[in-house]
Protein chains: 2
Amino acid sequence: MSHKYNNEDKVLIAVDCIIFGFDQEEEELKLLLIKRDFHPEKDKWSLMGGFMKIDEKIEEAATRILHTLTGLTQVYMEQLEVFSELDRDPVERTISVAYYALINIEDHDEELIKQYSASWFEISKVPKLIFDHDIMVDHAIKRLRYRTSVQPIGFELLPEKFTMRQLQKLYEEILNERLDKRNFTKKINALDILEKLDEKDKNSSRKGSYLYKFNQKKYRTKCENGFIFKV
Amino acid sequence: MSHKYNNEDKVLIAVDCIIFGFDQEEEELKLLLIKRDFHPEKDKWSLMGGFMKIDEKIEEAATRILHTLTGLTQVYMEQLEVFSELDRDPVERTISVAYYALINIEDHDEELIKQYSASWFEISKVPKLIFDHDIMVDHAIKRLRYRTSVQPIGFELLPEKFTMRQLQKLYEEILNERLDKRNFTKKINALDILEKLDEKDKNSSRKGSYLYKFNQKKYRTKCENGFIFKV
DNA sequence: AATAATAAGTGTATTTTTTACATTTGTAAA
DNA sequence: TTTACAAATGTAAAAAATACACTTATTATT
């Protein structure tokens with residue numbers, strides 16, 4: 001802020017969303033991208049985006065834009081950063097605020113996805129994207145890696161009930177490294193923020209594996225007593 | 001970005017700077033604040049700010065605004081986040097991108113500081129600030145705490161040559177906790193990115209303490225070989 | 001009814017990292 | 001020469017991270 005301002009310096013604020021999902025079948029971290037049906041860069045792959053309205057907060061714009069494509073509300077989103085290269089959008093001088101979102105891939109609206117010719121891409125197979133979207137994705141992955149290691153947001157990518165194996169695979173995908181099963185279980189159990197259910201998932205083995213739930217309330221209480229999440 | 005846009009949704013982009021300095025005499029982390037000589041909120045304390053110009057990147061605006069107050073260029077700055085509450089600025093709908101800067105407190109231009117009625121405040125004694133600037137400061141401190149623990153940016157706040165004691169005091173101020181002298185020295189030496197000079201600083205003791213320099217080149221080389229800074 | 005196949009579940013020993021802690025040294029002023 | 005004062009230094013104990021392999025539960029097959 002300052003006292004001198006100039007209407008000619010006003011610009012459009014875009015919001016671009018890096019939407020992460022965890023494919024349970026293929027045990028892969030994926031990104032939701034749209035195929036542009038408009039110019040410029042028609043038919044190219046891109047992040048889902050839109051413009052902030054004058055009567056909206058930037059978070060609201062991000063939420064709205066995510067909802068437009070996925071039909072979802074109440075989604076975990078985090079602001080990444082502002083991108084403002086002068087020629088980043090060839091049509092109009094805009095700056096873009098990038099957000100990443102973590103969704104449970106099973107919850108999204110298939111119909112909307114079709115409308116936007118959107119589809120899910122494995123992280124390592126993301127195509128070349130328009131504008132500066134490649135950089136946004138790159139930064140989002142780094143931020144996600146950091147954030148999941150210091151806050152229990154990984155659960156946002158899983159169904160409410162999940163197995164230890166699913167959780168481990170998820171972390172392996174995000175961190176892009178293999179983890180030892182015993183050490184992982186030990187670490188997660190030591191955190192003491194999961195609830196082990198009397199229910200088993202039999203999809204992946206005859207023996208079946210126990211299902212767990214993230215206990216948000218317990219986590220909050222522990223935080224109030226100085227607990228710090230760390231994986 | 002999207003194909004539909006509306007000129008009425010254009011807004012001014014403010015940049016606000018959280019300027020950190022480390023006072024060598026008092027061994028305290030401080031913030032540079034200005035006293036507004038214009039309305040609204042005249043005579044209140046505030047962060048240094050300004051508006052992004054249409055032909056500038058946001059980083060350029062941040063650099064320019066920092067230079068206006070301090071006379072400095074080539075300063076370490078990091079983008080924090082966007083603040084966009086509808087009524088954050090009562091005069092005009094603006095969104096603000098907050099940046100924090102780390103400067104060597106001895107280098108700044110005293111004259112400019114006077115012009116802006118700016119002065120340095122100990123972190124714990126920062127007065128109530130205008131708009132959402134308190135929140136910005138709060139977030140900046142948290143980010144600084146994290147960033148200094150994973151990147152060697154603390155040196156930006158020190159003179160080129162500094163003692164181990166100064167470095168420790170700096171970290172203590174940033175992290176807001178006391179550290180053990182032997183363990184700290186051991187840790188820093190183990191990083192092997194400092195150069196010990198054949199020169200002593202005799203200001204704080206008769207014996208004098210050795211001066212060190214951050215070896216940027218060595219750090220870069222180590223990074224290329226997979227080194228990860230961690231304090 | 002026995003067997004085979006498969007992923008789930010579990011514990012310990014070793015290494016590495018972090019923490020706690022006290023004495024000696026060098027210099028200038030008295 | 002003595003005093004005063006911060007600088008410099010090492011080791012043992014505790015905690016955390018890592019490496020590693022066998023048993024169990026279940027179902028499908030014979």
Side-chain angles (χ1 to χ4, degrees), chain A residues 24-28 145-146 148-150 158-159 161-173 175-213 222 226-231, chain B residues 24-27 145 148-150 158-159 161-173 175-213 222 226-231:
Chain A
Q24 306 298 331
E25 252 92 276
E26 307 187 32
E27 298 186 321
E28 278 165 0
R145 228 164 250 170
Y146 165 64
T148 47
S149 75
V150 298
L158 294 173
K161 300 173 184 179
F162 52 86
T163 65
M164 221 19 119
R165 181 202 165 82
Q166 284 176 305
L167 188 62
Q168 182 179 339
K169 284 286 171 185
L170 172 65
Y171 273 94
E172 289 182 337
E173 279 291 298
L175 303 174
N176 197 27
E177 61 178 342
R178 297 319 110 202
L179 303 172
D180 178 86
K181 185 167 54 158
R182 280 165 292 188
N183 294 338
F184 182 79
T185 310
K186 203 192 308 172
K187 203 172 214 171
I188 297 295
N189 283 331
L191 292 174
D192 187 31
I193 53 174
L194 292 192
E195 201 176 319
K196 187 175 185 172
L197 306 176
D198 272 337
E199 207 177 328
K200 283 187 163 186
D201 171 77
K202 295 225 170 171
N203 292 320
S204 63
S205 75
R206 307 204 211 285
K207 186 179 178 180
S209 57
Y210 282 103
L211 287 164
Y212 292 78
K213 253 183 175 171
K222 292 191 76 160
F227 170 72
I228 290 173
F229 179 92
K230 187 84 196 63
V231 174
Chain B
Q24 306 297 330
E25 252 93 275
E26 307 188 32
E27 296 186 324
R145 226 165 252 170
T148 48
S149 75
V150 298
L158 294 174
K161 299 175 184 178
F162 51 85
T163 65
M164 213 34 110
R165 181 200 163 79
Q166 285 176 303
L167 187 62
Q168 182 180 340
K169 284 286 171 186
L170 172 65
Y171 273 94
E172 288 182 339
E173 279 291 299
L175 303 174
N176 198 27
E177 61 178 342
R178 297 320 109 201
L179 303 172
D180 178 86
K181 185 166 54 159
R182 281 166 293 187
N183 293 339
F184 181 79
T185 310
K186 203 192 309 172
K187 203 172 215 171
I188 297 294
N189 284 331
L191 293 174
D192 187 30
I193 52 175
L194 292 191
E195 200 175 319
K196 186 176 185 172
L197 306 175
D198 271 338
E199 208 178 328
K200 284 187 163 187
D201 171 76
K202 296 227 169 171
N203 291 319
S204 63
S205 74
R206 307 203 211 287
K207 186 179 178 179
S209 58
Y210 281 103
L211 287 164
Y212 292 78
K213 254 183 176 172
K222 292 192 76 156
F227 170 72
I228 290 173
F229 180 92
K230 187 84 195 62
V231 173

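Sequence lines set the chain letters: A, B, ... in the order given, protein chains first and strands last, and positions in each chain run from 1.
Listed pair A:T163 / C:dA8 fails the phosphate criterion, with no side-chain N or O lying under 4.0 Å from OP1 or OP2. Considering only side-chain N and O atoms, A:T185 lies nowhere under 4.0 angstrom from the phosphate OP1 or OP2 of C:dT10. Close to C:dT10, at under 4.0 Å from its OP1 or OP2, lies no side-chain N or O of A:K181.
Nearest heavy atom pair, residue A:K202 against residue A:K207, reads CE-O, 4.0 Å. Shown here for A:S209 and A:S205, the closest heavy-atom pair between the two residues is N-OG, 4.5 Å.
Under a 3.5 Å cut-off, the side chain of A:K181 and the backbone N or O of A:Q168 do not form any donor-acceptor pair. Using modelled atom types, no side-chain atom of B:K222 and backbone atom of B:F229 make a donor-acceptor pair closer than 3.5 Å.
Computed from coordinates, the B:K207 NZ to C:dT24 C1' distance equals 8 Å when rounded to whole Å. With rounding to whole Å, B:D180 atom CG is found 16 Å from D:dT11 atom P. If you measure from atom CG of B:L194 to atom C1' of D:dA8, you get 16 Å, rounded to the nearest angstrom. The NZ atom of B:K200 sits 15 Å away from the P atom of D:dA6 (whole-angstrom rounding). Remark: P of D:dA8 and NZ of B:K196 are 6 Å apart, rounded to the nearest angstrom. Taking atom CZ of A:F162 as the reference point, atom P of C:dA8 lies 15 Å away to the nearest angstrom. Rounded to whole Å, atom C1' of D:dA17 lies 14 Å from atom CZ of A:R182. Look at CD1 on A:I228: it is 13 Å from P on D:dA16, rounded to the nearest Å.
Projected onto DNA chain C by closest heavy-atom contact, A:G208 and B:G208 fall at different nucleotides, the more 5' of which corresponds to A:G208. Both B:N183 and A:R206 lie close to DNA chain D; mapped to their nearest nucleotides by heavy-atom distance, the more 5′-ward contact belongs to B:N183. Between B:S205 and A:R165, the one whose closest nucleotide on DNA chain C sits nearer the 5' end is A:R165.
Residue contacts for B:K186: at a heavy-atom cut-off of 4.0 Å it reaches a base atom on one of the strands shown.
Note on ring orientation: taking the six-membered ring where Trp is involved, the planes of B:F184 and B:Y171 are tilted (angle from 30° to 60°).
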